[in-house]
Asker: 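The structure under discussion is supplied below as structure tokens; questions concerning it will follow.
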Protein chains: 2
Amino acid sequence: MRPGINSDQTERIIQALKRAGYQATPNRRLVAELVAATGGHFTAAELLERGRRERVNIGRATVFRALELLASLRVVERLDLPSGSHAYVVCDPDEHHHHLVCSTCGRSEDIADGELARLVDEIGRRNGYRIEAHRLELFGICPACSAADTAERETLA
Amino acid sequence: MRPGINSDQTERIIQALKRAGYQATPNRRLVAELVAATGGHFTAAELLERGRRERVNIGRATVFRALELLASLRVVERLDLPSGSHAYVVCDPDEHHHHLVCSTCGRSEDIADGELARLVDEIGRRNGYRIEAHRLELFGICPACSAADTAERETLA
DNA sequence: TCGGAATTGATACCCGGTCTCATTGGTGAT
DNA sequence: ATCACCAATGAGACCGGGTATCAATTCCGA
Ligand SMILES: [Zn+2]
Ligand SMILES: [Zn+2]
Ligand SMILES: [Zn+2]
Ligand SMILES: [Zn+2]
């Protein structure tokens with residue numbers, strides 16, 4: 001938060017809200033800042049807690065509502081982690097894509113749909129389905145976490 | 001249920017349990033039957049209700065525990081529907097694959113991983129991640145529902 | 001400035017799923 | 001068959017994410 005590297009992303013989120021005809025209220029601005037400030041994925045509860053640390057009195061429901069709104073604008077996306085719990089990641093609303101998520105630190109990369117579209121199309125045709133949606137999620141260990149891991153292993157050896 | 005087209009699937013599920021060293025108790029048999037009897041996806045609550053209709057006194061926790069067990073054996077898989085709710089589908093445990101689900105009737109088809117493996121691999125390499133898991137889910141309208149839909153449309157016209 | 005619409009917070013509620021714990025049932029060794 | 005032991009079960013408390021309600025507030029456009 002605070003003017004910094006993410007302030008432009010904050011601004012983009014707010015613009016998306018306005019463009020869609022929603023008010024850019026202080027609460028929503030706060031959520032936008034918090035979202036923009038996270039590197040990887042985050043849960044609603046985390047956001048709420050961080051939000052409360054900065055500014056008292058942001059309601060739980062308000063946070064959920066803001067996230068729901070941002071999700072509907074495709075500014076964030078809800079992930080289903082392998083653990084079964086839910087998390088959100090900030091997202092480029094302009095282009096369909098998928099996510100590669102580090103299961104250790106939560107960092108997330110956008111993955112272009114690429115050849116997948118063709119694949120999905122073919123699967124639909126082959127099965128006679130009219131495909132309406134698809135979801136691809138990749139989970140793994142990011143370079144940083146991987147490096148940290150091997151480093152630790154070596155000091156132990 | 002009842003000896004029928006799905007009795008062999010029921011048996012396969014039970015064999016999977018035994019093979020993994022778990023007891024094939026009456027409750028688990030019941031769950032296996034119920035699972036085998038569903039064409040498409042089902043929720044834990046549905047299963048519980050159907051189970052109670054056949055045989056009183058199967059505990060909620062028991063059903064959840066059985067499903068968890070079957071999921072760990074890859075005999076069923078938990079889906080995250082676009083709606084956000086969870087459902088299970090029966091699954092071939094022997095080969096990695098994905099699911100194509102009808103958003104109208106819930107019917108589900110197994111989809112071979114095929115080229116996806118290569119794609120996933122490449123994405124991992126390109127981003128320096130060590131990929132641990134991936135999930136692909138496809139949603140659409142199955143041929144039957146599609147046909148029913150157009151038929152209805154025509155009678156209205 | 002004013003009135004209606006949008007937003008908000010508190011709180012109750014819902015629902016899927018898990019935990020606890022006392023009871024029961026199955027299994028394998030004898 | 002018996003016994004001891006571990007697995008499985010049911011009831012119910014519990015939990016966490018998310019939604020519904022509703023009155024109070026804030027916003028915004030005329
Ligand atoms: Zn994204
Ligand atoms: Zn990482
Ligand atoms: Zn269908
Ligand atoms: Zn796959």
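Sequence lines set the chain letters: A, B, ... in the order given, protein chains first and strands last, and positions in each chain run from 1.
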Asker: Mind calculating the distance between CG (L30(B)) and P (dT9(D)) to the nearest angstrom?
Answerer: 11 Å
Asker: Taking the side chain from R52(A) and the backbone from I58(A), do they hold a donor-acceptor pair closer than 3.5 Å?
Answerer: yes
Asker: Side-chain donor-acceptor contacts of residues 82-94 of chain B below 3.5 Å, not counting sequence neighbours, with atom names and distances?
Answerer:
| unit_1 | atom_1 | unit_2 | atom_2 | d |
| --- | --- | --- | --- | --- |
| S83(B) | OG | S85(B) | N | 3.3 |
| S83(B) | OG | S85(B) | OG | 2.9 |
| H86(B) | ND1 | R78(B) | NH2 | 3.1 |
| H86(B) | NE2 | D80(B) | OD1 | 2.8 |
| D92(B) | OD1 | D94(B) | N | 2.8 |

Asker: Who passes ring pair (Phe, Tyr, Trp, His ring centres under 6.0 Å) against H97(B), sequence neighbours left out?
Answerer: H99(B)
Asker: Please name all residues satisfying side-chain hydrogen bond (donor to acceptor under 3.5 Å, both in side chains) with R74(A), sequence neighbours left out, ordered by chain then number.
Answerer: none
Asker: Go through the structure and list residues passing salt bridge (Lys or Arg N to Asp or Glu O under 4.0 Å) with E122(B), not counting sequence neighbours.
Answerer: R126(B)
Asker: Could you note down all residue pairs passing side-chain hydrogen bond (donor to acceptor under 3.5 Å, both in side chains) where residues 16-27 of chain B supplies at least one of them, sequence neighbours left out?
Answerer: none
Asker: Rounding to a whole Å, what distance do you find between E49(A):CD and dG17(D):P?
Answerer: 12 Å
Asker: For the helix from dT1(C)-dA30(D) to dT30(C)-dA1(D), figure out the bend between the end axes, five pairs an end, and round to 10 degrees.
Answerer: 40°
Asker: From the options dT9(D), dG18(D), dA11(D), select the nucleotide whose nearest atom is closest to the side chain of N27(B).
Answerer: dT9(D)
Asker: In whole Å, what is the span from the NZ atom of K18(A) to the C1' atom of dA6(C)?
Answerer: 16 Å
Asker: Give the rounded distance in Å between these two atoms: CG of D80(B) and P of dG17(D).
Answerer: 16 Å
Asker: Specify the residue among R60(A) and Y88(B) whose closest nucleotide of DNA chain C lies further upstream toward the 5′ end.
Answerer: R60(A)
Asker: Which residues within residues 61-78 of chain A lie with some heavy atom under 4.0 Å of an atom in DNA chain D?
Answerer: A61(A), F64(A), R65(A), R78(A)
Asker: Using whole Å, what does the distance between atom P of nucleotide dC27(D) and atom CG of L17(A) come to?
Answerer: 15 Å
Asker: With a 3.5 Å cut-off and no angle check, do the side chains of H98(A) and H134(B) form a donor-acceptor pair?
Answerer: no
Asker: Report the residues that fulfil ring pair (Phe, Tyr, Trp, His ring centres under 6.0 Å) with H41(B), sequence neighbours left out, ordered by chain and then residue number.
Answerer: none
Asker: Strictly under 3.5 Å: I want the nitrogen or oxygen pairs between protein and nucleotides 24-30 of chain C, one per line.
Answerer:
none

Asker: List, by chain and number, the other hydrophobic cluster members for Y129(A), where Ile, Leu, Val, Met, Phe, Trp and Tyr join if side-chain heavy atoms come within less than 4.5 Å, directly or indirectly.
Answerer: L100(A), I111(A), L116(A), L119(A), V120(A), I123(A), I131(A), L136(A), L138(A), L100(B), I111(B), L116(B), L119(B), V120(B), I123(B), Y129(B), I131(B), L136(B), L138(B)
Asker: Holding to side-chain hydrogen bond (donor to acceptor under 3.5 Å, both in side chains), I want the full list of residues that pass it with R65(B), two or more places apart in sequence or in another chain.
Answerer: none
Asker: Give the rounded distance in Å between these two atoms: CG of L79(B) and C1' of dG16(C).
Answerer: 16 Å
Asker: Return the set of residues passing side-chain hydrogen bond (donor to acceptor under 3.5 Å, both in side chains) with S103(A) (not counting sequence neighbours), or none when no residue passes.
Answerer: E132(B)
Asker: Rounded to the nearest Å, what distance is computed from the CG atom of residue N57(A) to the C1' atom of nucleotide dA24(D)?
Answerer: 13 Å
Asker: Round to the nearest Å and state the distance from L48(A) atom CG to dG18(D) atom P.
Answerer: 12 Å
